[in-house]
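First up is the structure itself, then whatever we jot down about it.
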Amino acid sequence: MAAAVSVTAGAVLAAGAFTAAPAQAVTAPSIVAQGGYVMNNANGKTLYTKAADTKRSTGSTTKIMTAKVVLAQSNLNLDKKVTIQKAYSDYVVANNASQAHLIVGDKVTVRQLLYGLMLPSGCDAAYALADTYGTGSTRAARVKSFISKMNQAATSLGLRNTHFDSFDGIGNGNNYSTPRDLTKIASSALKSATFRTVVKTKTYTAKTITKTGSTRTMAPWTNTNGLLSSYSGTIGVKTGSGPEAKYCLVVAATRNGKTVIGTVLASTSIAQREADAKKLLNYGFATI
């Protein structure tokens with residue numbers, strides 16, 4: 001009898017040790033991206049870092065701050081109509097930039113511009129928003145003012161390794177952030193219900209008003225964030241790419257009531273940035 005009890009106790013101890021093992025066995029993943037960061041969105045606790053405070057070009061992940069600044073405007077009217085200027089179209093053509101294919105002369109609401117900004121990563125939409133919400137008597141002055149607001153917002157978040165010199169990520173040599181800072185920007189932006197709605201949307205079809213007053217149904221905008229379709233619980237946030245930035249992704253996901261948010265910068269391809277991000281999210285949920 002004593003022997004049996006002893007064996008049973010041993011078995012229970014062994015079982016206990018066995019069940020505890022997986023939690024101890026979670027090891028930090030190896031990612032291809034040059035920089036990475038993950039945190040618990042509820043309390044800001046760091047869960048993973050890889051060169052998390054190294055300044056890098058951010059590509060279109062810059063547009064998270066563009067949206068944040070717009071949504072922070074006092075008395076914001078999301079149904080305000082903005083007339084698309086030729087300058088916006090010329091800009092995307094000259095820079096071979098990603099665009100929402102906005103039509104010159106069309107009247108587009110601010111809400112639609114936010115979808116055009118965040119889903120197809122429209123630099124034309126970014127220009128329209130900067131021109132609308134900057135202050136000044138010239139377009140150049142308004143854009144400069146808007147970028148200043150982006151930098152003020154970064155300062156107010158306590159970010160010391162972030163600076164913007166563009167409204168869309170097509171920088172002039174002084175547009176940079178870090179995985180940690182971008183994650184904090186996204187976390188702050190996600191406090192806006194409008195932002196949350198936009199960035200979790202897979203496709204959106206805008207109906208704009210033409211010069212003649214008729215309604216134009218735009219070709220659908222598709223979200224460039226592939227994790228919305230391939231990683232359960234994904235709620236955003238934004239992709240980025242460029243010759244200097246390589247392939248970037250700021251991503252957030254919610255599972256079992258817990259939200260993990262993180263960033264990968266300078267990965268090697270679209271597929272690789274998504275693979276890197278999935279590894280970081282998995283690790284975040286395993287350690288949160």
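With values rounded to the nearest 0.5 angstrom, Q112 atom CD is found 10.5 Å from T205 atom OG1. L129 contributes atom CG, which lies 9.0 Å from atom OH of Y88 (distance to the nearest 0.5 angstrom). Atom CD of Q272 is separated from atom NZ of K246 by 14.0 Å, given to the nearest 0.5 angstrom. The CZ atom of R196 sits 7.0 Å away from atom OG of S192, with the distance rounded to the nearest 0.5 Å. Rounding to the nearest 0.5 Å gives a distance of 9.0 Å between CG of N223 and OG1 of T203.
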Practice problem: Any chance you could lay out the side chain to side chain donor-acceptor pair (under 3.5 Å) test for T83 and K211, step after step, and finish with the verdict? | Solution: CA-CA 9 Å; T83 301; K211 288 179 184 176; over 6 Å; no
Exercise. Dump the intermediate steps for ring-ring contact (aromatic ring centres under 6.0 Å, His included) on F167 and F146, then the final yes or no.
Key: CA-CA 8 Å; F167 50 74; F146 186 87; 7.6 Å; no
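The aromatic rings of Y231 and F285 lie parallel to each other, their planes meeting at an angle below 30°, with 60° marking the opposite boundary. Between W221 and Y204, the two ring planes are parallel [angle under 30°; tilted spans 30° to 60°].
With hydrophobic clusters built from ILVMFWY side chains whose heavy atoms lie under 4.5 angstrom apart, V70 shares a cluster with F164. Cluster annotation: L117 is connected to Y91 through the hydrophobic network of ILVMFWY side chains, with a link wherever side-chain heavy atoms come within less than 4.5 Å.
In this structure, K184 and L157 have side chains that are not in contact, with every pair of non-hydrogen atoms separated by 4.5 Å or more.
A donor-acceptor pair shorter than 3.5 Å can be found between the side chains of K63 and S60.
Without hydrogens or angle criteria, R180 side chain to T46 main chain gives no donor-acceptor distance under 3.5 Å.
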